[in-house]
Structures are given as structure tokens and as C-alpha cells.
Amino acid sequence: MQVLFKTEKDMLTVFLSGDIDHHTSKNIRESIDAELQRIMPSVLKLDFRDVHFMDSSGVGLVMGRYKTALVYGCKVYVVHMPDTVEKIMRMS
């Protein structure tokens with residue numbers, strides 16, 4: 001799993017790739033939270049275009065980042081979800 005960040009004005013985009021499961025979600029969460037705290041953007045965009053697999057840990061990751069972002073007054077967008085990832089999100 002790789003996490004890349006891009007900052008434009010007051011928007012933080014997080015590019016996720018690989019698998020998001022119980023083995024990787026903790027490190028992803030910690031990385032995103034650190035960047036949120038450092039930058040304090042008004043928009044957080046989670047880009048899933050290169051995610052190949054996600055289990056319920058990924059759902060928890062997204063919901064947790066949403067709650068954390070709210071503390072900073074930040075809006076959250078989840079974009080470019082592959083069909084398999086979107087299906088997991090909708091089922092949840």
C-alpha cells in the first residue's frame with residue numbers, strides 16, 4: 001500500500017494504491033491524520049483509483065477520516081472508487 005499526498009491551495013488530496021485491509025489501514029490512517037493536522041485543509045479528497053482490494057477496515061478508515069476532518073472544519077470527498085471498492089462502501 002502506498003499513500004501519496006498533493007496539496008493545492010487549501011485542499012489535500014490523498015492518492016491511495018494497492019490493498020486496504022487490517023494489515024495496512026493503521027499506517028494509512030496515521031499518515032493521513034498527520035497530514036491533516038499539519039496542513040489543516042478545508043477539503044480532503046481521498047482518491048481510490050489505484051486501490052485493488054478493500055475490506056471493512058477501509059470503510060473504517062474512510063469514516064474515521066471523515067470524523068477527524070470534521071474537527072478541522074474540513075469537507076471530505078471520496079473519488080475514483082473502483083466498482084469493487086464502491087460495492088463494499090455501499091454495503092456498509
Side-chain angles (χ1 to χ4, degrees):
M1 172 42 86
Q2 185 175 20
V3 181
L4 299 173
F5 300 100
K6 180 179 178 185
T7 305
E8 291 181 81
K9 298 182 182 179
D10 59 349
M11 179 171 64
L12 174 63
T13 302
V14 181
F15 297 94
L16 303 163
S17 65
D19 296 344
I20 301 175
D21 57 25
H22 70 279
H23 297 291
T24 60
S25 60
K26 179 182 176 190
N27 289 335
I28 297 167
R29 181 189 73 227
E30 290 173 352
S31 296
I32 294 172
D33 288 352
E35 283 296 296
L36 274 173
Q37 187 174 28
R38 187 175 75 80
I39 296 171
M40 295 187 137
S42 63
V43 175
L44 171 64
K45 188 173 9 173
L46 301 173
D47 190 319
F48 280 77
R49 95 180 59 214
D50 292 322
V51 173
H52 307 293
F53 170 82
M54 184 177 89
D55 65 11
S56 61
S57 300
V59 175
L61 174 81
V62 172
M63 295 309 297
R65 299 315 42 85
Y66 173 74
K67 290 177 182 178
T68 300
L70 285 178
V71 172
Y72 298 111
C74 180
K75 294 181 181 180
V76 178
Y77 297 94
V78 179
V79 299
H80 303 123
M81 285 192 299
D83 291 340
T84 55
V85 172
E86 186 173 353
K87 183 177 180 180
I88 296 292
M89 290 293 290
R90 289 193 183 280
M91 286 182 354
S92 297

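All of these numbers come straight from a predicted model, not from anything done at the bench.
Residues satisfying the salt bridge (Lys or Arg N to Asp or Glu O under 4.0 Å) criterion with Lys6, sequence neighbours excluded, are Glu8. Residues passing the salt bridge (Lys or Arg N to Asp or Glu O under 4.0 Å) test with Arg29, sequence neighbours excluded: none. With sequence neighbours left out, the side chain to side chain donor-acceptor pair (under 3.5 Å) criterion links Arg49 to Asp47, His80.
To the nearest 0.5 Å, atoms CZ (Phe5) and CZ (Arg38) are separated by 9.0 Å. Separating the CE atom in Met63 from the OG atom in Ser56 is a distance of 13.5 Å, to the nearest 0.5 Å. The CG atom of Asp19 lies 12.0 Å from the OG atom of Ser25; values are rounded to the nearest 0.5 Å. Here the CD atom belonging to Glu86 is positioned 10.0 Å from the CE atom belonging to Met54, to the nearest 0.5 angstrom. Atom-to-atom distance recorded for Met11:CE and Cys74:SG is 10.5 Å, nearest 0.5 angstrom. In this structure, Lys26 NZ and Leu61 CG are separated by 13.5 Å, a value rounded to the nearest 0.5 Å.
Residues Tyr72 and Val43 fall into different hydrophobic clusters, defined by Ile, Leu, Val, Met, Phe, Trp and Tyr side chains chained together at heavy-atom separations under 4.5 Å. By the rule that hydrophobic residues join a cluster once side-chain heavy atoms approach within less than 4.5 Å of another member, Met40 and Val71 end up as members of separate clusters.
Looking at heavy atoms from C-beta onward, Phe15 lies out of side-chain contact with Gln2 at the 4.5 angstrom threshold. Side-chain contact between Ile32 and Leu46 is present, with at least one heavy-atom pair separated by less than 4.5 Å.
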Go through the steps to decide whether Glu35 and Leu12 satisfy the test side chain to side chain contact (heavy atoms under 4.5 Å, CB included), and finish with yes or no. CA-CA 8 Å; Glu35 283 296 296; Leu12 174 63; 3.9 Å; yes

Should Leu16 and Val3 be marked as a side chain to side chain contact (heavy atoms under 4.5 Å, CB included) after you check the CA-CA gap, both sets of side-chain angles, and the distance that decides it? CA-CA 5 Å; Leu16 303 163; Val3 181; 4.0 Å; yes

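In this structure a side-chain-to-backbone donor-acceptor pair under 3.5 Å is missing from Ser57 to Thr24. Between the side chain of Asp33 and the main chain of Leu36, no donor-acceptor pair closer than 3.5 Å is present.
Taking all atoms of both residues into account, the shortest heavy-atom contact from Thr7 to Lys9 is CG2-O, 4.0 Å. Nearest heavy-atom pair, His52 versus Thr84, reported as atom, atom and distance to 0.1 Å: O-OG1, 4.2 Å.
For the side-chain contact (heavy atoms from CB on, under 4.5 Å) with Ile88, the qualifying choice from Val59, Asp55, Ile20 is Val59, the only one to do so.
Under a cut-off of 6.0 angstrom, the local environment of CD in Gln37 is sparse, with at most 12 non-hydrogen atoms contributed by other residues, nucleotides or ligands.
Under the 3.5 Å distance criterion, with hydrogens and angles disregarded, a donor-acceptor pair is assigned to the side chains of Ser42 and Asp10.
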